[in-house]
Amino acid sequence: MKFEHRHAAHCESGVISNMLRHHGVPMTESLAFGLASALTFAYFPFIKLSGLPLISYRMPPRSIIKGMLAPLAARFRFETFSSPQAGQTRLDALLAQGQLVGVQTSVYWLPYFPPQMRFHFNAHNLLVYGKDGDDYLVSDPVFETPMRCASADMARARFAKGVLAPKGLLYYPESIDRKTIEPQAIRKAIRKTVRTMQAPVPIIGVRGMRTLARKLASLPAGDAHTVDYIGHMVRMQEEIGTGGAGFRFIYAAFLEEAAQLAAMPELVGFSDRMTAIGDGWRLFALKAARMVKGREPVNPPALADMLRDQADQEDVFFRDLKRAVA
């Protein structure tokens, strides 16, 4: 199969943009991310990862893939399996037909990841575009070049247990009836993101940031749990799925593209503002990391103030963006 691998910032937006481009849709990673209204903030104190709360900067897994269906009038097939053998048999059959296949995996079981980058995260997406002997030919968008993965390792990665267990999930397009992006689809996607970020729920969007800031400010500076909590926030922001700053930069790139595609030049200014917001998230992560590593005194209230400032900036940003696309 003739397939062009492209490096991306995030696995799911990279996979879907590479897959759509393979099928003749002029799609970039940032355009896929924005069209799927994938930007968000969520603080889930009742969902625990190693005893610490889930903090997310994007919509749930598969939302970017499924978010492409309506704008492109597309139909995708999603399949899961009861056993690794059934999953491998089906994947091999699709590859034999010349199909490019997306799969959901666990990062921990992919041997081409360096050991220090492996962790138990079960929602990592990649593309399989062929098989050579016992090795699958893999386009993993977070790597600069294509990879190879032995069938036994692929089976372990596709059938890992735990939170977000992939159950061998594979997917591919059955039809794509529209291969251009309509201006109304862009406006609709932006309005959906605005609604999410302004949601009247204390754990979502801007309000979620402020709720987390209150929790952070209440943590005792001298407690070992506080250091673990702050370190967990940094991991959730900057290591898992691109994170707070990275997703803001991707959305800024989307707004720049949208300015041209939707004939809305004012979105260029919003792109610049979102880039500045991303810079603020990066500074927050840097300061938090310095505290975790002992280079600065642990000061939860100071971090909480930075988080509130990010919330204030995003609050004003999305209010202004709402007016721009009304």
Side-chain angles (χ1 to χ4, degrees), residues 8-21 25 27-44 47 49 54-80 101-107 121-127 140-142 163-174 176 178 181 185-199 201 203-206 208-209 236-237 240-255 257-258 274 314 318 321:
H10 173 62
C11 70
E12 189 173 337
S13 49
V15 158
I16 194 61
S17 58
N18 282 342
M19 177 177 275
L20 290 172
R21 215 167 23 246
V25 181
M27 184 63 61
T28 64
E29 177 186 18
S30 52
L31 186 56
F33 186 83
L35 272 177
S37 305
L39 188 78
T40 191
F41 181 90
Y43 165 55
F44 297 121
I47 300 177
L49 296 176
L54 174 63
I55 304 166
S56 180
Y57 298 81
R58 53 151 288 185
M59 296 297 280
R62 298 193 213 174
S63 62
I64 300 175
I65 297 166
K66 292 183 176 180
M68 293 294 94
L69 302 183
L72 299 176
R75 287 192 303 116
F76 270 55
R77 185 169 179 84
F78 297 87
E79 301 179 24
T80 55
V101 185
V103 299
Q104 182 178 327
T105 64
S106 168
V107 169
F121 176 64
N122 288 337
H124 181 67
N125 287 270
L126 53 85
L127 291 169
D140 190 322
V142 303
V163 178
L164 301 174
K167 301 178 183 177
L169 175 71
L170 60 77
Y171 50 90
Y172 55 92
E174 292 185 310
I176 303 173
R178 184 182 301 122
I181 309 303
I186 290 173
R187 290 174 179 268
K188 183 178 179 180
I190 292 174
R191 286 196 291 267
K192 183 177 178 181
T193 298
V194 168
R195 287 196 301 272
T196 300
M197 292 303 299
Q198 294 186 322
V201 181
I203 58 173
I204 302 295
V206 169
M209 296 177 199
M236 294 302 296
Q237 182 180 321
I240 297 178
T242 300
F247 284 135
R248 269 60 189 168
F249 295 146
I250 294 174
Y251 199 74
F254 160 69
L255 291 173
E257 289 183 75
M274 181 52 74
E314 295 209 13
F318 285 106
L321 187 58

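Hydrogens, waters and symmetry mates are skipped; everything else that's a heavy atom, side chains included, is used.
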Handout entry: side-chain contact (heavy atoms from CB on, under 4.5 Å) evaluation trace for Val101 with Leu127
Key = CA-CA 6 Å; Val101 185; Leu127 291 169; over 6 Å; no
With a 4.5 Å cut-off on side-chain heavy atoms, are [Y] and [X] touching?
X	Y	result
Pro61	Leu164	yes
Tyr172	Val103	no
Met59	Thr196	yes
Leu35	Ile181	yes
Phe33	Phe254	no
Phe76	Met19	yes
Met68	Leu20	yes

Any chance you could measure [X], atom [atom1], to [Y], atom [atom2], to the nearest 0.5 Å?
X	Y	atom1	atom2	value
Ser37	Arg195	OG	CZ	8.0 Å
Met209	Tyr57	CE	OH	8.0 Å
Leu31	Ile186	CG	CD1	6.0 Å
Arg21	Ile16	CZ	CD1	11.0 Å

Problem - Lys66 to Tyr171 six-membered ring, cation-pi geometry met (6.0 Å, 45°) - result: no
Practice task
Mind running side-chain contact (heavy atoms from CB on, under 4.5 Å) on Leu39 and Met274 for me, showing each step along the way?
Solution key: CA-CA 12 Å; Leu39 188 78; Met274 181 52 74; 4.2 Å; yes
Problem - Salt-bridge contact Arg62-Glu12 (side-chain N to carboxylate O under 4.0 Å) - result: no
Practice task
Report yes or no: do Ser17 and Glu29 form a side-chain donor-acceptor pair below 3.5 Å?
Solution key: no
Practice task
Kindly indicate, with the supporting measurements, whether the criterion side-chain contact (heavy atoms from CB on, under 4.5 Å) is fulfilled by Leu54 and Met236.
Solution key: CA-CA 8 Å; Leu54 174 63; Met236 294 302 296; 3.4 Å; yes
Exercise for the section: Evaluate the criterion side-chain contact (heavy atoms from CB on, under 4.5 Å) for residue pair Asn125 and Ile65; output intermediate values, then yes/no. Expected result: CA-CA 10 Å; Asn125 287 270; Ile65 297 166; 3.9 Å; yes
Exercise for the section: Have a look at His10 and tell me which of Phe247, Phe249, Tyr251 forms a ring pair (Phe, Tyr, Trp, His ring centres under 6.0 Å) with it. Expected result: Phe247
